[in-house]
Each structure stands twice: as C-alpha cells, then as structure tokens.
**Q** 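My questions will all concern the structure given below.
This structure is a prediction, so every number in the text was calculated from the model and none was measured.
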Amino acid sequence: MGDKRAGLVYGFAAYGMWGLFPLYWPLLEPAGAGEILAHRMVWSLVVVGVLLLALRRWTWIADLIRRPRRLALIAVAATVVSVNWGMYIWAVNAGHVVETSLGYFINPLVTIALAVLVLHERLRPVQWAAVGIGGAAVAVLAVGYGRLPWIALTLAFSFGTYSLVKKKIAMGGLESLAAETSVQFLPAIVFLMVLGSRGDSTFTHHGPGHAGLLALSGVVTAVPLVCFGMSANRLPLSTLGLLQYLAPVFQFLIGILHFHETMSTEQWIGFLLVWSALVLLTVDALRNARRTRATAIAHPVPAPDAADPATTPGAPAGAA
C-alpha cells in the first residue's frame with residue numbers, strides 16, 4: 001500500500017472514530033459526565049504511558065521540566081481541553097448531539113477569528129466573508145434554538161483556544177497528551193476518590209462490563225490520535241483539512257438519524273450558512289495551497305527540518 005493510500009486509511013480511521021464518539025459516551029451511563037471525564041483523564045494517561053514506554057520516548061520529559069513557560073502552557077492546554085471534553089460528554093448524553101456537531105463545524109471559523117484577535121494575522125477577503133457568514137449563522141441559530149447555541153460555541157472556542165496554545169507548545173501528539181493528562185491526573189483521581197467515598201461512584205457498582213467501558217475511554221482517546229499522527233505523516237495539510245469535516249458530518253448524521261433530534265427551519269438555515277462558509281474556506285485554502293506549490297516549484301528553497309506530524313492542526317477535540 002502506497003504512503004498516500006495508507007495516509008487516507010489512517011485519516012478515515014481517525015476522523016471516523018472521532019465522528020462515532022456520540023455512540024460511545026451514552027454506553028457509560030449511569031455514570032455522570034463528571035465521572036466519565038475523570039475516568040477518561042486517568043485511563044488516557046495509563047494508555048499513553050504504555051505507548052511511550054513501548055516506543056521508549058522519554059527523553060522529552062527532562063527537557064520539559066527545565067522549561068517552566070512550556071509547563072505553564074501545558075497546564076493551560078489541559079484546563080481548556082478538560083472544558084472541551086466535559087462539555088462534549090455532557091452534551092452528547094443530554095441529547096444535544098447535533099449542536100455538538102455544529103461546534104466542530106464552526107471551529108475553523110473560530111480559529112480564524114482567534115488568529116486575527118490574538119495573533120493579529122491578516123485575512124484574505126474570502127476568509128473575511130466566511131467569518132461574516134459564520135456570524136450570521138450564529139444569529140440565525142440563536143433564533144432557532146431560542147438562545148445562543150452556547151454548547152456549540154463553548155466547544156468551538158475551547159478547542160480553538162486549545163489549538164492556539166498547542167501551537168505555542170509545539171510538542172508531539174503522544175508527548176503532549178501525556179503531559180496534559182499528567183496535569184489532569186491528580187484532580188481526576190481526587191474527584192473519583194471523593195465520589196467513591198460518598199457512594200456515588202458507578203465504577204465498582206455496575207458490573208465488570210461497565211467498569212471495562214469506563215477504562216476503555218483511555219484507548220478511545222489515544223487510538224484515534226495515533227491514527228491521526230500516522231495520517232499526518234503521509235498526507236498534505238490540504239487533504240487533512242478536508243478530512244477533518246468527516247467527524248462533525250458523522251456526528252450530525254448520528255444526531256438526526258440515530259438519536260432522532262429535530263431541526264427547526266431556522267436551525268437548518270443556520271447550518272446551511274455554516275456549511276456555505278466552510279465551502280468558501282475550503283476552496284480558498286485549496287487555491288492558496290496550489291499557488292504556494294506553484295511558487296515553490298518556480299523558486300525552490302532549502303527544505304527545513306521536518307516537523308513532528310502529530311503536531312499538525314486538524315484533530316477535533318472531542319479527541320485532542
């Protein structure tokens with residue numbers, strides 16, 4: 001199998017698994033969102049630790065300890081992604097799967113807005129148009145929901161902020177997940193111990209199947225990330241940018257077809273506006289990538305050192 005075909009297989013596997021998350025979290029009930037989140041943090045560290053041990057990738061720890069600024073950024077990333085994970089789990093189990101998909105549809109628009117506000121980047125006219133359409137979509141959706149789509153906005157802004165911080169951290173995917181879950185581990189363990197002391201823990205009270213599913217949350221978190229890293233190593237960024245829409249498409253379809261969530265006319269209009277904005281962004285990105293390649297061919301420059309593929313943007317955060 002060629003590298004590009006293998007990259008597509010890994011990419012479809014990663015985004016497909018992320019897209020199927022809404023089918024997994026309800027299996028963990030009657031555990032509440034807080035307990036599920038804590039178990040995800042604990043077992044993710046266990047799984048990533050085993051992977052790093054098998055790969056013998058420990059040298060980064062000493063370097064990380066000597067860099068307090070990076071440690072602080074990892075703590076911020078861990079906090080923001082905890083908000084994202086917790087909101088996603090709660091929203092799915094509360095019957096808001098379609099709105100979670102909206103959060104990941106508008107995430108590229110939020111990322112662009114943060115780039116302008118925080119990094120002071122300049123946008124092309126098409127990007128400005130897409131952001132404007134996204135703002136109009138939020139207004140229409142607010143009418144359709146009778147409120148701001150706060151679940152979608154929380155997911156989009158938390159993951160947008162997480163992506164921004166991750167860009168500053170510049171660590172490999174497995175290493176950064178290990179560092180972030182290390183920050184999450186102690187609060188998660190304390191929460192689970194308090195829950196158990198009050199008799200509210202479900203881990204040991206609903207049979208080995210339930211306990212196994214909670215423990216499996218670590219594998220569910222780590223495996224798509226590994227597939228994504230293997231895909232990013234083989235595919236151009238423009239292809240990854242297209243693949244990233246698979247996850248919210250799957251989530252949207254699951255919400256409509258499996259959970260039978262209803263959509264008002266205003267909500268359909270809002271989603272159509274968001275999808276229109278994403279089409280504009282995608283077409284503009286592909287054109288810009290084509291121009292960049294043409295310029296590179298015409299004026300070649302020495303290649304920089306290869307970056308860690310696992311730090312490539314494009315992983316949705318229910319994943320992270």
Side-chain angles (χ1 to χ4, degrees), residues 10-29 31-55 57 74 77-93 97 100 103-104 107 155 158-159 162-163 165-166 169 171-189 191-192 203 210-232 244 246-248 250-251 309-320:
Y10 287 125
F12 276 108
Y15 287 107
M17 284 185 276
W18 283 324
L20 296 176
F21 268 15
L23 298 176
Y24 174 70
W25 303 121
L27 299 178
L28 305 186
E29 293 179 329
E35 183 179 3
I36 295 172
L37 175 62
H39 276 286
R40 185 180 188 186
M41 293 172 176
V42 170
W43 294 109
S44 292
L45 179 59
V46 172
V47 172
V48 174
V50 170
L51 288 173
L52 290 174
L53 182 63
L55 296 171
R57 286 163 63 172
I74 285 172
T79 301
V80 175
V81 81
S82 297
V83 172
N84 186 276
W85 285 3
M87 175 59 70
Y88 185 81
I89 293 167
W90 174 85
V92 167
N93 286 359
V97 175
T100 65
Y104 294 114
N107 178 69
L155 290 172
S158 61
F159 189 65
Y162 177 71
S163 301
V165 176
K166 291 275 279 187
I169 294 174
M171 286 178 64
L174 284 177
E175 290 86 349
S176 62
L177 183 60
E180 291 157 19
T181 50
S182 295
V183 173
Q184 297 169 331
F185 184 81
L186 183 58
I189 281 291
F191 177 81
L192 291 175
F203 185 68
H210 179 70
L213 283 171
L214 285 170
L216 191 63
S217 61
V219 177
V220 168
T221 299
V223 170
L225 179 65
V226 173
C227 290
F228 172 77
M230 297 175 79
S231 175
Q244 72 174 318
L246 283 176
F250 285 175
Q251 292 163 10
T311 63
T312 306

**Q** Looking at the rings of W85 and Y88, which for Trp means the six-membered one, are their centres under 6.0 Å apart?
**A**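 Judged by ring-centre distance (under 6.0 Å), W85 and Y88 do not meet the cut-off.
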**Q** For the residue pair E35 and L214, what are the closest heavy atoms and their distance?
**A** OE2-CD1, 4.3 Å
**Q** Given side chains that start at C-beta, do those of V80 and V165 come closer than 4.5 Å, heavy atoms only?
**A**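 In short, these two side chains do not touch, never coming nearer than 4.5 Å.
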**Q** Is the backbone of L155 close enough, under 3.5 Å, to the side chain of Y104 for a donor and an acceptor to pair up by distance?
**A** no
**Q** Just jot down the side-chain contact (heavy atoms from CB on, under 4.5 Å) partners of V50, sequence neighbours excluded, or say none.
**A**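 By the side-chain contact (heavy atoms from CB on, under 4.5 Å) rule, V50 matches no residue at all.
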**Q** Residues two or more places apart in sequence or in another chain: which of them pass side-chain contact (heavy atoms from CB on, under 4.5 Å) with S82?
**A** M41, Q184
**Q** Does some side-chain heavy atom of W25 sit less than 4.5 Å from a side-chain heavy atom of I36?
**A** yes
**Q** For the residue pair Y15 and W18, does the interplanar ring angle fall in the parallel (under 30°), tilted (30 to 60°) or perpendicular (over 60°) class?
**A**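 Because their plane-to-plane angle is over 60°, the rings of Y15 and W18 count as perpendicular.
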**Q** Do the non-hydrogen side-chain atoms of I89 and L28 ever get within less than 4.5 Å of each other?
**A**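 I89 does not reach L28 side chain to side chain.
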**Q** Please check this pair: side chain of T221 against backbone of S217, looking for a donor-acceptor N/O pair closer than 3.5 Å.
**A** yes
**Q** Quick check on the 6.0 Å ring-centre criterion: do F21 and Y24 meet it?
**A** no
**Q** Can you list everything that forms a side chain to side chain donor-acceptor pair (under 3.5 Å) with S176? Sequence neighbours excluded, please.
**A**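 Scan of S176 (side chain to side chain donor-acceptor pair (under 3.5 Å), adjacent residues dropped) gives K166.
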